[in-house]
Enquirer: 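I'd like to ask some things about the structure below.
Order of appearance sets the numbers: ligands from 1, and atoms from 1 within every ligand.
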Amino acid sequence: MMNKEQIEFEKKLAGEKAAEFVKDGMTIGLGTGSTVYYAIMKIGEMVKQGLNISAVSSSNATSELSKSLNIPLTGIDDAEKINLNIDGADEVDKNLNGIKGGGGALLFEKIVAFKSETNIWIVDSGKLSGRPWKFPLPVEIIPFGSSSTLSRIREKNFMPELRKKEGKIFLTDSGNYIADIRMEENRDLEATDKELKMITGVVETGVFIDIADILIIGQDNGTKILKK
Ligand code: 5RP
């Protein structure tokens, strides 16, 4: 088990490595979370030194951080394409499939990812795992009729827990709720995704399959890069 400093060290290594993939003239996607934070900080330094890019943000938090560093932002529908997207993940397997949404930005992150030519994920070494998936699967549901939606999720033998923050229901940037779902041992991620998305009221799941092209893993002695 790694301590907090080791985890931060690995996140920083992975984040800064990803920034090396950013080149002049690119439109980049910026994910959300504490690992992407390090990539954004590095990109901010690069912009200060003259790097010319524009960025599509996946959350209010990322937009705020990017603005504070003078990283030029563009709306997703104003960008013709996104050359490179940098995002974190909560759990990843060796085939570069995984679970995202621990920070609640999964919907925008998925939309940004699908518009991106190349997707880089950055993680600390503790995030490598996969089947059986351990991280509770975040599922975004609309508030309207959420108790019925949660019941229907339960009827499918999933165990959803409505996400709360500081005693209040957590709201995504779209004003939706998140149900964190414990998965049975060995449950197949793709089948789970399909089953959940058939339920009316479910907006999106944190299942990210066939999206990441490059995985950068921070380790105690540097970074390891896996490619699809
Ligand atoms: C947010 C996400 C994040 O990418 C994921 O939760 C990883 O975050 P962190 O780098 O803070 O561990 O999917 O919705």
Enquirer: Around atom OH of Tyr37, are there more than 12 heavy atoms from other residues, nucleotides or ligands closer than 6.0 Å?
Expert: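 Open.
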Enquirer: For atom 2 (C) of ligand 1, which of the options Lys11, Glu109, Glu91, Lys110 provides the nearest non-hydrogen atom?
Expert: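 The residue whose heavy atom sits nearest atom 2 (C) of ligand 1 is Glu109.
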Enquirer: What atoms of ligand 1 come closer than 4.0 angstrom to any heavy atom of Leu106?
Expert: 14 (O)
Enquirer: Considering non-hydrogen atoms of the protein only, which is the closest contact for atom 12 (O) of ligand 1, and what is the distance?
Expert: Lys127 NZ, 2.9 Å
Enquirer: Got the closest protein heavy atom to atom 9 (P) of ligand 1, with its distance?
Expert: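 Answer, as residue, atom name and distance: Ser34 OG, 3.3 Å.
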Enquirer: Tell me: protein heavy atom nearest atom 4 (O) of ligand 1, and distance?
Expert: Lys100 NZ, 2.9 Å
Enquirer: May I ask whether Ala89 places a heavy atom under 4.0 Å from ligand 1?
Expert: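 So Ala89 counts as touching ligand 1.
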Enquirer: Should the heavy atoms of other residues, nucleotides or ligands under 6.0 Å from CD of Gln219 be counted, would the total exceed 12?
Expert: yes
Enquirer: Heavy-atom count around Lys48 NZ within 6.0 Å, excluding the residue itself: above 12?
Expert: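 Open.
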Enquirer: Given Gly98, Ala39, Gly101, identify the one with the heavy atom nearest to atom 13 (O) of ligand 1.
Expert: Gly101
Enquirer: Under a 4.0 Å threshold between the charged nitrogen and the carboxylate oxygen, would Lys12 count as salt-bridged to Glu16?
Expert: yes
Enquirer: Considering only non-hydrogen protein atoms, determine which one is nearest to atom 6 (O) of ligand 1 and report residue, atom name and distance to 0.1 Å.
Expert: Asp90 OD1, 2.7 Å
Enquirer: Relative to the heavy atoms of Gly88, which atoms of ligand 1 are at a distance of less than 4.0 Å?
Expert: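 That gives atoms 4 (O) of ligand 1.
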Enquirer: One thing to verify: whether Glu155 and Arg152 come together as a salt bridge, which I'm taking to mean a side-chain N less than 4.0 angstrom from a carboxylate O.
Expert: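 Salt bridge between Arg152 and Glu155, a charged N being under 4.0 Å from a carboxylate O: no.
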Enquirer: For Asn119, run the side-chain hydrogen bond (donor to acceptor under 3.5 Å, both in side chains) check against Asp210, Asn85, Asp87 and tell me which one passes.
Expert: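 Between Asn119 and the candidates, side-chain hydrogen bond (donor to acceptor under 3.5 Å, both in side chains) is satisfied uniquely by Asn85.
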Enquirer: Any atoms of ligand 1 less than 4.0 Å from a non-hydrogen atom of Asp87? List them with their elements.
Expert: 4 (O)
Enquirer: The criterion is side chain to side chain contact (heavy atoms under 4.5 Å, CB included); which residues satisfy it with Lys81, sequence neighbours excluded?
Expert: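 For Lys81, the residues satisfying side chain to side chain contact (heavy atoms under 4.5 Å, CB included) (neighbours in sequence not counted) are Asn83, Glu117.
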Enquirer: Counting each atom of ligand 1 from 1 as listed, which ones have a heavy atom of Gly104 under 4.0 Å away?
Expert: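 What qualifies from ligand 1 is 14 (O).
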Enquirer: Could you tell me the residue and atom name of the protein heavy atom closest to atom 3 (C) of ligand 1, and the distance to it rounded to 0.1 Å?
Expert: Thr32 O, 3.3 Å
Enquirer: Considering only residues two or more places apart or on different chains, which pairs with a residue in residues 21-43 satisfy salt bridge (Lys or Arg N to Asp or Glu O under 4.0 Å)?
Expert: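 Output for this query lists Lys42-Glu45.
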Enquirer: Does any N/O atom on Gly33 come nearer than 3.5 Å to any N/O atom on ligand 1?
Expert: no
Enquirer: Surrounding NZ of Lys17 (heavy atoms of other residues, nucleotides or ligands, distance under 6.0 Å), is the total greater than 12?
Expert: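 It does not: Lys17 NZ has 12 such atoms or fewer within range.
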Enquirer: If hydrophobic clusters are built by linking Ile, Leu, Val, Met, Phe, Trp and Tyr wherever their side-chain heavy atoms come under 4.5 Å apart, do Met26 and Leu73 end up in the same one?
Expert: no
Enquirer: In the protein, what heavy atom is nearest to atom 14 (O) of ligand 1, and what distance, to one decimal place, separates them?
Expert: Ala105 N, 2.9 Å
Enquirer: Can you tell me which portion of Val36 lies within the under-4.0 Å heavy-atom range of ligand 1? Options are side chain, backbone, both, or neither.
Expert: neither
Enquirer: With heavy atoms under 4.0 Å as the rule, classify the contact between Thr35 and ligand 1 as side chain, backbone, both or neither.
Expert: both
